[in-house]
Amino acid sequence: TYGDVQHRVLEDFFSRIKRGEEVSAETLMQLYEKHWRDEGYPDTLQQREYKKRGYEELTEFYERNKDILQAPLALEENFSFEVGGHLVTGRIDRVDALDGDKVEVIDYKTGRPKDQKNADESLQLSIYALAARETFKKEPAVLSFYYLTSNEKVSSVRTEDELEETKGEILKVADSILRREFQPQKGYHCDWCDYKPICPEWNRRGVR
């Protein structure tokens with residue numbers, strides 16, 4: 001719920017900039033109140049803590065970015081492109097125009113900030129780079145995660161070889177799906193997976 005609210009607020013905020021409207025810190029706070037939802041939290045205390053956190057993050061976001069705000073090229077834009085006959089679809093939070101036909105692709109994150117290595121190895125950002133070329137016909141010069149928790153942006157780039165490797169990874173995953181090969185991958189996501197009761201990895205001795 002919290003992450004969805006923050007994304008909606010920033011989409012609304014930058015939509016107003018794109019329409020040429022004047023915006024301010026007050027505008028951002030008004031949009032936060034407009035999009036806030038109380039449901040989705042285990043108790044009232046956590047709901048209040050998250051709401052306070054949102055005010056703080058968005059206030060800091062405006063202070064850090066107020067002098068460089070620009071109308072984005074695209075917001076919450078759906079994309080689709082083919083790789084080897086397989087359709088890849090998704091949505092990008094924000095695309096900013098740079099010089100020439102170059103763009104910066106930005107993805108907002110509301111979780112714990114991660115390091116440069118994570119951005120450099122991110123399959124998500126690599127797919128966004130392909131989408132920028134295939135769907136928007138733009139050159140993905142910069143690929144960024146913007147962490148609202150710390151209000152820091154971690155940016156990366158992709159080489160031609162890396163983008164070709166990404167296409168290979170997409171084909172590999174698509175082939176596994178067609179073969180119905182869904183090997184369990186242990187991780188933090190196991191905690192809320194619906195398939196735990198029948199998962200051999202989860203039930204194997206020593207996993208928990």
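All of these numbers come straight from a predicted model, not from anything done at the bench.
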> Taking atom CZ of Phe136 as the centre, does the number of heavy atoms from other residues, nucleotides or ligands within less than 6.0 Å exceed 12?
Replying inline: yes
> Are Ile92 and Tyr147 connected, step by step, through hydrophobic side chains (Ile, Leu, Val, Met, Phe, Trp, Tyr) whose heavy atoms are closer than 4.5 Å?
Replying inline: yes
> Under a 4.5 Å cut-off applied to non-hydrogen side-chain atoms, are Asp93 and His7 in contact?
Replying inline: yes
> In this structure, which one of Glu11, Gln6, Arg94 forms a side-chain hydrogen bond (donor to acceptor under 3.5 Å, both in side chains) with Tyr108?
Replying inline: Arg94
>> We want to know whether Asn151 and Arg64 form a side-chain donor-acceptor pair, criterion being a heavy-atom distance below 3.5 angstrom.
In response: no
> Quick one: does Lys196's side chain have a donor or acceptor within less than 3.5 Å of a partner on Asp191's backbone?
Replying inline: yes
> Can you name the residues that form a side chain to side chain donor-acceptor pair (under 3.5 Å) with Glu169, not counting sequence neighbours?
Replying inline: none
> Does any non-hydrogen side-chain atom of Leu148 lie less than 4.5 Å from one of Leu10?
Replying inline: yes
> Looking at side-chain heavy atoms only, is the closest gap between Lys66 and Val23 below 4.5 Å?
Replying inline: no
>> Using a strict threshold of under 4.0 Å (side-chain N to carboxylate O), is an ion pair present between Arg53 and Glu49?
In response: no
> What's the verdict on salt bridge (Lys or Arg N to Asp or Glu O under 4.0 Å) for Arg133 and Glu139, showing C-alpha distance, side-chain angles and the deciding distance?
Replying inline: CA-CA 6 Å; Arg133 283 185 174 180; Glu139 188 62 26; 2.8 Å; yes
> Would you say the side chain of Ser122 lies within less than 4.5 Å of the side chain of Phe145, judging by non-hydrogen atoms?
Replying inline: yes
>> Applying side-chain hydrogen bond (donor to acceptor under 3.5 Å, both in side chains) to Thr89 and Ser80, what does each step give before you reach the verdict?
In response: CA-CA 4 Å; Thr89 66; Ser80 64; over 6 Å; no
> Can you check whether Leu143 reaches Ser155 side chain to side chain, under 4.5 Å on heavy atoms?
Replying inline: no
> Of all heavy-atom pairs between Lys51 and Tyr32, which one has the smallest distance, and what is that distance?
Replying inline: O-OH, 3.0 Å
> Any side-chain heavy-atom pair from His86 and Leu171 closer than 4.5 angstrom?
Replying inline: yes
> Distance-only, no hydrogens or angles: does the Asn65 side chain make a donor-acceptor pair with backbone N or O of Phe61 under 3.5 Å?
Replying inline: yes
> To the nearest 0.5 Å, what is the distance between CZ (Arg48) and CG (Asp38)?
Replying inline: 9.5 Å
>> I need the minimum non-hydrogen distance between Thr110 and Gly3, along with the two atoms involved.
In response: OG1-CA, 3.6 Å
>> How long is the straight-line distance from NZ of Lys138 back to OG1 of Thr135, given to the nearest 0.5 Å?
In response: 13.0 Å
> Of the non-hydrogen atoms in Ala141 and Leu98, which two are nearest, and what is the gap between them?
Replying inline: CB-CD1, 4.1 Å
> Should the pair Arg158-Glu164 be classified as a salt bridge under the 4.0 Å nitrogen-to-oxygen rule?
Replying inline: no
>> Could you check whether any side-chain heavy atom of Lys34 comes within less than 4.5 Å of a side-chain heavy atom of Val9, counting everything from C-beta outward?
In response: no
>> Grouping I, L, V, M, F, W and Y whenever their side-chain heavy atoms are under 4.5 Å apart, do Ile106 and Val157 come out in a common cluster?
In response: no
> Which pairs count as ring-ring contact (aromatic ring centres under 6.0 Å, His included) when at least one residue sits in residues 151-192, sequence neighbours excluded?
Replying inline: Tyr188-Trp192
> With no hydrogens and no angle check, is any side-chain donor or acceptor of Asn203 less than 3.5 Å from a backbone partner on Cys199?
Replying inline: yes
>> What I want to check is whether the side chains of Glu162 and Ser126 have a donor and an acceptor closer together than 3.5 Å.
In response: no
> Say you draw a straight line from OG of Ser144 to CD of Glu104; how long is it, rounded to the nearest 0.5 Å?
Replying inline: 3.5 Å
>> Are Val142 and Phe79 linked, directly or through intermediate hydrophobic residues, by side-chain heavy-atom contacts shorter than 4.5 Å (ILVMFWY only)?
In response: no
Output a table of donor-acceptor pairs, distance under 3.5 Å, between side-chain atoms of residues 39-46 and any protein atom two or more places apart or on a different chain; print 'none' if there are none.
from	atom 1	to	atom 2	distance (Å)
Glu39	OE2	Arg37	NE	3.1
Asp43	OD1	Leu45	N	3.2
Asp43	OD1	Gln46	N	2.8

> Does a side-chain N-to-carboxylate-O contact under 4.0 Å join Asp12 and Arg8?
Replying inline: no
> Is the shortest heavy-atom distance from the side chain of Ile170 to the side chain of Val173 under 4.5 Å?
Replying inline: no
